[in-house]
Structures are given as structure tokens and as C-alpha cells.
Amino acid sequence: MRLSNYFLPVLKETPAEATIASHRYMLRAGMVKQDSAGIYIWLPLGFKVLKKIEQIVREEQNKAGAVEMLMPTIQSANHWKETGRYDAYGPEMLRIKDRGDRELLYGPTNEDMITDMFRSYVRSYKDLPQSLYHIQWKFRDERRPRFGVMRGREFLMKDAYSFDIDAEAARLTYYRQFVAYLNTYARLGLKAVPMRADTGPIGGDLSHEFLILAETGESEVFCHKDLVDMPAPGYFDNAEDLKSVFEQRTSLYAATDEKHDAEEFAKVPADKQLSARGIEVGHIFYFGDKYSEPMKAQVTGADGKNVNVMMGSYGVGVSRLVGGIIEASHDEDGIIWPKSVTPFGAGIINLKSGDAEADAACEDIYQKLSAAGIDPLYDDKNDRGGQKFARMDLIGLPYQIVIGPRGLKEGIVEVKTRATGEKQNMSPADAVKFISSEYEGVI
RNA sequence: CGGGGCGUAGCGCAGCCUGGUAGCGCACCUGUUUUGGGAACAGGGGGUCGCAAGUUCGAAUCUUGCCGCCCCGACCA
């Protein structure tokens, strides 16, 4: 993409309402624009990151055996009345009436709808297990939206729902998602720690939140230090390994403040005790027959008897992750994108647009990086160097190639690594090679 | 939902107390000189001062009501 042809409204000054780094940088880097409290327009740069995160979440769900679908944002109140949640959910749910005075709502989650869908088709234990998910916009009328996309009222969520024949099978499904979540966050460049959690209005008896540690997090967390740097488990699909990963992670102490047990925490060796703040980026639940019982979502078992299906649900806040990743990865100059979610693979800075030699060299590198699948952003604007550097640092692409007449005389360009600030001089051909190799395994 | 605060040009703000020509910086446009880490100078455009009512000869400024937004706390992907 040529910057002269892109919509990137960067701000030099920070809008007054933004107090935390991710919000400030998302506004300044032209990623989002607030339309009203907790509701955001996703500008091209922000949208690109959102889609990249969404795609990683999708791929990991698919690997975990979940099947993608799409449910509507607007739901009938009937499903919710059947489960009793229409009254239980409270004013966070946005209730709407259509022209016929029928009660509708903008979905804050989809257990009720999918359970209704599921029961209308599935009759036999032979059709189980099933896991379905969608990535869809939700609306929760928060009392106090804040921190930009971290706590919006409208937000993009991946929510998966599982259906199993009995509790034992359902727990295995739960472990499978647990492992998939660890792999997902690792790909996003995040260190997420699973913690025992409250089940909230969704209910159930087994639930974990995944939190990334950040000073600006809304939750207070307590955990064993070793959990933070544990590597992603990787891919396998047998009951024994799934269970052992789950047990390995849950045997060490980790809880948010509402589930915190000071006595238990005290048993963690003092040098391993970590109390910090965290951002919740995922929440998984096993809730058994909480919905299948009232909605009579049953299948006939091998013994000819009807049983309620055992369910779980698994949420990832996709739009929140955009902010969460920035909280975890930025410096005083701007964002530092992990390679897996960067909106563009590399930035090309032309220090003298209009200079025939510089233009030609930039154009050549632009073509070669594009051909290599790097998806570069070429700053071909007529601005001064300093402005281009500051802008490129702000939007945080992992690599910058700085090209100007002075270097070209000696046959070199400068390659800057955003995360470290390290600058290396090399030939244009080597720059393309270097960046391509850095992305090996990522693209 | 309790407490606090803010709404004046695209962004950041001053002006309001003590009513009388709407201002500054950045951004934007034109020109000149510049150009290797957010250039300088000159000129220029852009605002029903959140909305409504009231007081007044006169309201950004005073009064009342409404709307919107932010921050701190209690609740949540």
C-alpha cells in the first residue's frame, strides 16, 4: 500500500479522553474513531489489525475442531424468556421493539439462541460431540464504557459452544478449548495466564479467565510466577495430553481477586508469588445442562433414554485484544506490533520523494517485498524525514526500511527493527532478504 | 449506579469570575527558502461558543432545563 493512497489520519496530539496507552495510540495512529460512548468506527489501519487477530483466533478454533457459523446480532426475546435470562440479564442487555411491538434484543451472547438451533436438529448421541463458533459483534450496555476498545459497549467476540453427551466428554472438550486458547494467545505474542474465575450470569461450575498482565488492567490478579512464561502447549488431540496440560496449568495458583484465597496463595513460595493487574482477554465456561435442561435440548443415548446435552461456552474478546496487545507492546514513540498481527509487514520510508533515484529504489523494494508477501506500507508522501520517522514509529510496523539519496550513493539502505530500535545498513537486495527471513513461519 | 469534571475551529487549550469586536498552538491551503529524526518566514481559510428557554439594550460569559462526553469507585469478553 502506498501511503499517499491510504486513509491514515494520524494525530500529533493526544485527544483529551484517552488516558491509557492503547487508547491514546489507537486514536493517534488513526485506528479507531469514537462515535459515541463505547462505540467505535474501525478505520482502515485498526480494521486490518482486527481482521488479523480474528483470523488467528479462527485458525486456532478450527484446529481445535470447532466449526464456524454465523448467528445474527439481533435476537428474539423468546429464547431468553425460555431460559429465564430475559429477566436475569438486567439493563446491560439492549432491548428493542420492532414495528409489531415484538420484543427483540441486540445479543450480548448466544447460548440461548444456539441451544434452540441445536435442539431443533440433533436427536442422537451419535451426532455428538459438536462444537460451533462464530465471530460476531456483541452489545452490552455497560454502565461505564472506558479505555477505548478495551471496554466498549459494542465489541467483536469469538464465542464457541460445545455439546457433549455427558459431563466427562464435556470436560475433555473444555480442556481442548483451554489448550487452544493458550496456543491462540501465544500466536498473538501475548503471555496469557489462565485463572480460576467466577461464572457470572452464564452460570456453571468450571470456568477460567485468561488474563494478560498489564499495569492498566482492570482486574487484580494473584498467581504463581512460573505460569507467566510457560510456553504454548502446541498441537495434539488425545485425552491424556489435553488433561495433563490442563492439570499442569491449573495445579499452580492463579486467581482473580473475586476468586482469590489469601491462605492458598500464601502456600506459593514467596519468590514465586506474583500479584499484579491483568486484562481479561478470554473466558471459558463449562455449565452442563444449564440451558439444555430448561430448553429441553436432549439426545437419545445408546441405552434409548433421552439425556440433556452437556454444554460449555468459550469467549475471546477479539476487539479488546487489539487494545490488549498494544498495552503489552508499546513504548514512548508508539505501538510495537507483533509480527503475527501487524497491519503491514514493513514500512518503506522514502527520505526524498521526487528524487528520481530514491523513488526508483523505493519502488523496486516495494515491488519485491509485495511479491514476497510482506505487504509493505510505502511512505511516498512529500513530508520531511522526521515526520515520516515519527509516523512510522507511532503506527508500529515491526520493520522500517529507510531509503535516501545519501545511502543510495553507497548502495545501502537502513533497516530499523522497531522493537529494539536497532539499525542496520545493507544493500536493498539484502534488506528484502532479511525481512523475508524474519517473517518465515509467520506469513 | 454513587462521586467528580468537561463541552469554544479537525486536535490541544485560553477567554467565562467582573456581560460589549471570538483568540492561541498544532493541523489545513498558497508562496518562497528548505529537506537524513515531528523546518522557517510571509499570507490565507475555517467556529450558529453542545441544545433550548430565560434575564438584559446586549449572553461564549449570568439563571434554569435538557443532551453529550470523560475521570474515580462498585459490576463485566
Side-chain angles (χ1 to χ4, degrees), chain A residues 9-20 23-24 27-28 30 33-39 57 89-93 107-110 135-160 181 192 197-202 207-212 217-219 256-258 279-285 313-324 333-334 349-355 358 381-394 400 402-410 412-414 416 421 423 425:
Chain A
V10 301
L11 305 175
K12 194 165 175 180
E13 283 171 287
T14 303
E17 73 267 20
T19 54
I20 66 169
H23 193 194
R24 284 202 308 269
L27 294 172
R28 285 196 51 209
K33 172 170 168 47
Q34 180 172 323
D35 191 58
S36 61
I39 300 177
V57 170
Y89 214 91
E92 269 201 4
M93 185 153 74
T109 179
N110 287 71
I135 299 170
Q136 177 64 294
W137 292 92
K138 306 290 188 290
F139 193 91
R140 293 183 189 171
D141 200 355
E142 296 278 349
R143 288 195 189 102
R144 189 179 160 215
R146 60 185 134 169
F147 300 148
V149 300
M150 300 277 279
R151 175 169 296 287
R153 291 195 292 171
E154 185 184 64
F155 59 96
L156 187 62
M157 179 162 98
K158 183 283 299 181
D159 39 326
Y181 272 44
D198 258 343
T199 52
I202 292 181
S207 175
H208 287 86
E209 288 180 9
F210 290 77
L211 289 104
I212 53 176
E218 291 188 86
S219 318
T256 58
D257 49 357
E258 64 234 20
I279 299 167
E280 185 185 347
V281 289
H283 199 158
I284 61 179
F285 305 86
S313 75
Y314 316 87
V316 171
V318 176
S319 50
R320 172 179 284 184
L321 275 167
V322 181
D333 295 321
I349 292 179
N350 186 342
L351 282 173
K352 197 161 187 182
S353 296
D355 177 271
K381 292 181 74 165
N382 209 14
D383 297 322
R384 300 169 70 86
Q387 204 176 343
K388 294 189 176 190
F389 291 127
R391 179 164 54 211
M392 204 57 93
D393 283 346
L394 174 64
Q400 302 172 9
V402 181
I403 302 173
R406 204 177 290 174
L408 287 174
K409 274 199 192 96
E410 302 165 40
I412 57 166
V413 299
E414 179 186 286
K416 174 175 160 181
K423 297 168 186 168
N425 289 324

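Taking 4.5 Å as the limit, some side-chain heavy atom of A:R153 sits within range of a side-chain heavy atom of A:S36. Between A:L27 and A:E17 there is a side-chain heavy-atom pair separated by less than 4.5 Å. In this structure the side chain of A:Y181 never reaches within 4.5 angstrom of the side chain of A:V281, judged on heavy atoms. Looking only at side-chain heavy atoms (C-beta outward), A:D393 and A:K416 come within less than 4.5 Å of each other. Annotation: side chain of A:P145 is not in contact with side chain of A:Q34 (no heavy-atom distance under 4.5 Å).
One C1' atom belongs to B:rC41, the other to B:rU18, and the distance between them is 40 Å to the nearest Å. B:rU56 sits 49 Å from B:rC75 when the C1' atoms are compared, rounded to a whole Å. Separation of the C1' atoms belonging to B:rG15 and B:rG23 is 7 Å when rounded to the nearest angstrom. Nucleotides B:rU61 and B:rC17 are separated by 9 Å at their P atoms, to the nearest Å. Distance noted for atom C1' between B:rC49 and B:rC62: 16 Å (whole Å). Comparing B:rU8 with B:rU35, their P atoms are spaced 40 Å from each other, to the whole Å. Between B:rA52 and B:rA59, the distance separating the two P atoms is 14 Å to the nearest Å. Across B:rA9 and B:rC24, the matching C1' atoms stand 12 Å from one another, rounded to whole Å.
In this structure, the CD atom of A:E209 is 13 Å from the P atom of B:rC75, given to the nearest Å. If you measure from atom CD of A:E258 to atom P of B:rA74, you get 12 Å, rounded to the nearest angstrom. Between A:E142 atom CD and B:rA77 atom P the separation is 9 Å, expressed in whole Å. Atom P of nucleotide B:rC1 and atom CG of A:D141 are separated by 10 Å, given to the nearest angstrom. Straight-line distance from the CD1 atom of A:I39 to the C1' atom of B:rC70: 16 Å, rounded to whole Å. As rounded to whole Å, 16 Å separates atom C1' of B:rC75 from atom CZ of A:R153. If you take CG of A:D35 and C1' of B:rC69, they are 13 Å apart, rounded to a whole angstrom. With rounding to whole Å, A:F147 atom CZ is found 7 Å from B:rC71 atom P.
Closest of all the heavy-atom pairs between A:G152 and A:E142 is O-CG, 4.0 Å.
Side-chain proximity of A:R143 to the nucleotides B:rC1, B:rA77, B:rC69 is greatest for B:rC1. Here the side chain of A:P15 is nearest to one of B:rC11, B:rA74, B:rC69, namely B:rC11. In this structure, of B:rC70, B:rG73, B:rA77, it is B:rC70 that holds the atom nearest to the side chain of A:E17.
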For each nucleotide in nucleotides 33-39 of chain B, reading 5' to 3', give B when a protein heavy atom comes within less than 4.0 Å of its base, S when such contact involves only the sugar-phosphate, and - otherwise. -BSBBBB
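The residue among A:K33 and A:F210 whose nearest nucleotide of RNA chain B lies closer to the 5′ end is A:K33. Projected onto RNA chain B by closest heavy-atom contact, A:V316 and A:H23 fall at different nucleotides, the more 5' of which corresponds to A:H23.
Residue-level contact check: A:G421 touches neither bases nor backbone, having no heavy atom under 4.0 Å from any strand. Residue A:E13 is classed as a base contact, given a heavy-atom separation below 4.0 Å to a base. Across all strands shown, A:V318 has no heavy atoms under 4.0 Å from either base or sugar-phosphate atoms. Across all strands, A:T19 comes closer than 4.0 Å only to sugar-phosphate atoms, never to a base (heavy-atom distances).
Pairing partner, B:rG45: none, since no Watson-Crick or wobble contact has both distances short of 3.5 Å. Searching all strands for a Watson-Crick or G-U wobble partner of B:rG68 with both distances below 3.5 Å returns B:rC6. The partner of B:rU56 cannot be assigned: no Watson-Crick or G-U wobble pair with both contacts below 3.5 Å exists in any strand. Look at B:rG25: its Watson-Crick or wobble partner, with both distances under 3.5 angstrom, is B:rC11. Under the Watson-Crick and G-U wobble criteria, each requiring two contacts below 3.5 Å, nucleotide B:rU32 is paired to B:rA40. Pair assignment for B:rC1 gives B:rG73, based on Watson-Crick or G-U wobble hydrogen-bonding distances that are each under 3.5 Å. When Watson-Crick and G-U wobble pairs are counted only if both distances are under 3.5 Å, B:rU18 pairs with no nucleotide at all.
Between A:I403 and the choices A:I349, A:N350, A:L408, the side-chain contact (heavy atoms from CB on, under 4.5 Å) rule is met once, by A:L408.
Taking 4.0 angstrom as the limit, A:R144 places a side-chain polar atom (N or O) nearer than this to OP1 or OP2 of B:rC72.
At least one donor-acceptor pair under 3.5 Å links the side chain of A:R140 to the backbone N or O of A:P108.
Atoms OG1 and CZ, from A:T19 and A:R146 in turn, are 9.5 Å apart once rounded to the nearest 0.5 Å. Rounded to the nearest 0.5 angstrom, A:D159 CG and A:K138 NZ are separated by 3.5 Å.
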